[in-house]
Amino acid sequence: MRLAKPTERQGVPCTGRARTVVDLASVVTHTQLERVIDAVLRDQLLRPSDLYGVLATHARPGRRGCAALSAVLDDRLGDDPVPLREWSRMVEDLLIGSGLSRPRLEYRICNEAGAFLAQVDLAYPAHRVAVELDSVRFHLNRESFVSDPRRRNRLTVAGWKVLSFTWDDYIRFPKALCDAVAAACCSPLHS
């Protein structure tokens with residue numbers, strides 16, 4: 001059986017994307033593999049079924065990369081969707097590394113009647129804490145200037161604590177970022 005299933009790019013036979021992920025799994029770190037999987041899913045280059053399929057096809061004793069790929073798929077493809085930006089995954093890792101529980105990614109918040117209010121980057125639903133990651137690229141424009149405060153107000157009125165962080169917070173003040181999230185999760189829901 002031919003496992004590589006080559007594809008052709010400009011007349012050159014190449015290894016397919018899913019097989020390339022298996023090959024990468026044998027030479028990169030767990031974190032790097034997570035980022036690769038997030039990217040191919042987010043950019044719709046592969047589907048989860050493609051990754052599970054290539055794993056099933058290639059898994060055998062001694063096959064390098066399969067155990068690592070299986071571990072990442074089991075860990076990352078649960079109920080949470082793939083984050084829209086790699087930065088969300090980086091903040092998730094930071095929060096977990098500081099001792100907090102795993103936040104939900106791309107969490108959809110609805111009001112008591114079930115109407116959609118907002119999708120937030122990360123959330124701790126049991127504590128009603130939403131974490132928003134504000135970048136210059138996506139939030140420094142007229143549309144976001146108008147819509148961001150409105151959605152934060154909707155969430156606040158619905159009883160959510162909304163914390164906003166920038167790249168500078170993540171890079172220069174990671175402990176303060178984690179401490180703020182921990183404090184919000186420990187504080188009472190309503191004052």
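Just so it is clear, the structure is predicted and the values come from calculations on it, not from any experiment.
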Main-chain N/O of [Y] paired with [X] side-chain donor or acceptor, under 3.5 Å:
| X | Y | value |
| --- | --- | --- |
| Ser70 | Cys66 | no |
| Arg151 | Ala118 | no |
| Asp43 | Leu45 | no |
| Arg154 | Phe116 | no |

Is there a continuous path of hydrophobic side-chain contacts, each under 4.5 Å between heavy atoms, that joins Ile171 to Leu95? yes

Decide whether Met90 and Phe173 are clustered together by the hydrophobic rule: side chain heavy atoms of Ile, Leu, Val, Met, Phe, Trp, Tyr closer than 4.5 Å, transitively. no

Partners passing side-chain contact (heavy atoms from CB on, under 4.5 Å) against [X] (at least two apart in sequence or in another chain):
| X | result |
| --- | --- |
| Ser101 | Tyr124 |
| Pro125 | Arg104, Tyr107, Ala123, Trp160 |
| Asn153 | none |
| Ala180 | Phe165 |

Got a second to check how far [X]'s [atom1] is from [Y]'s [atom2], nearest 0.5 Å?
| X | Y | atom1 | atom2 | value |
| --- | --- | --- | --- | --- |
| Asp168 | Arg172 | CG | CZ | 4.5 Å |
| Lys161 | Thr156 | NZ | OG1 | 11.0 Å |
| Asp134 | Leu163 | CG | CG | 11.0 Å |
| Asp93 | Arg102 | CG | CZ | 7.5 Å |
| Arg17 | Leu51 | CZ | CG | 12.0 Å |
| Cys178 | Asp169 | SG | CG | 11.0 Å |

Closest approach of [X] and [Y], non-hydrogen atoms and distance?
| X | Y | value |
| --- | --- | --- |
| Ala130 | Val120 | CB-CG1, 3.8 Å |
| Gly65 | Ala25 | O-CB, 3.3 Å |
| Arg128 | Gly159 | NE-O, 3.4 Å |
| Leu122 | Ser88 | CD2-O, 3.8 Å |

Give the C-alpha distance, both sets of side-chain angles, the deciding distance and a yes or no for side chain to side chain contact (heavy atoms under 4.5 Å, CB included) between Val21 and Val54. CA-CA 9 Å; Val21 173; Val54 77; 5.9 Å; no

Please step through side chain to side chain contact (heavy atoms under 4.5 Å, CB included) for the pair Val28 and Val36, ending with a clear verdict. CA-CA 10 Å; Val28 300; Val36 166; 5.6 Å; no

Check this for me, if you would: do Arg89 and Glu86 make a salt bridge, where the nitrogen-to-carboxylate-oxygen distance has to be below 4.0 angstrom? no

Between Arg47 and Asp50, is there a side-chain N and carboxylate O pair less than 4.0 Å apart?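 A salt bridge is present here (some side-chain N lies under 4.0 Å from a carboxylate O).
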
With sequence neighbours left out, what residues match Asp23 under salt bridge (charged side-chain N to carboxylate O under 4.0 Å, His left out)? Arg19, Arg63

Verdict with reasoning, Leu24 to Leu69, per side chain to side chain contact (heavy atoms under 4.5 Å, CB included): CA-CA 9 Å; Leu24 282 171; Leu69 178 58; over 6 Å; no

Apply side chain to side chain contact (heavy atoms under 4.5 Å, CB included) to residues Leu105 and Asp121 and explain how you reach the verdict. CA-CA 6 Å; Leu105 295 166; Asp121 296 319; over 6 Å; no

Not counting sequence neighbours, list each pair that qualifies as a salt bridge (Lys or Arg N to Asp or Glu O under 4.0 Å) and has a residue in residues 107-119. none

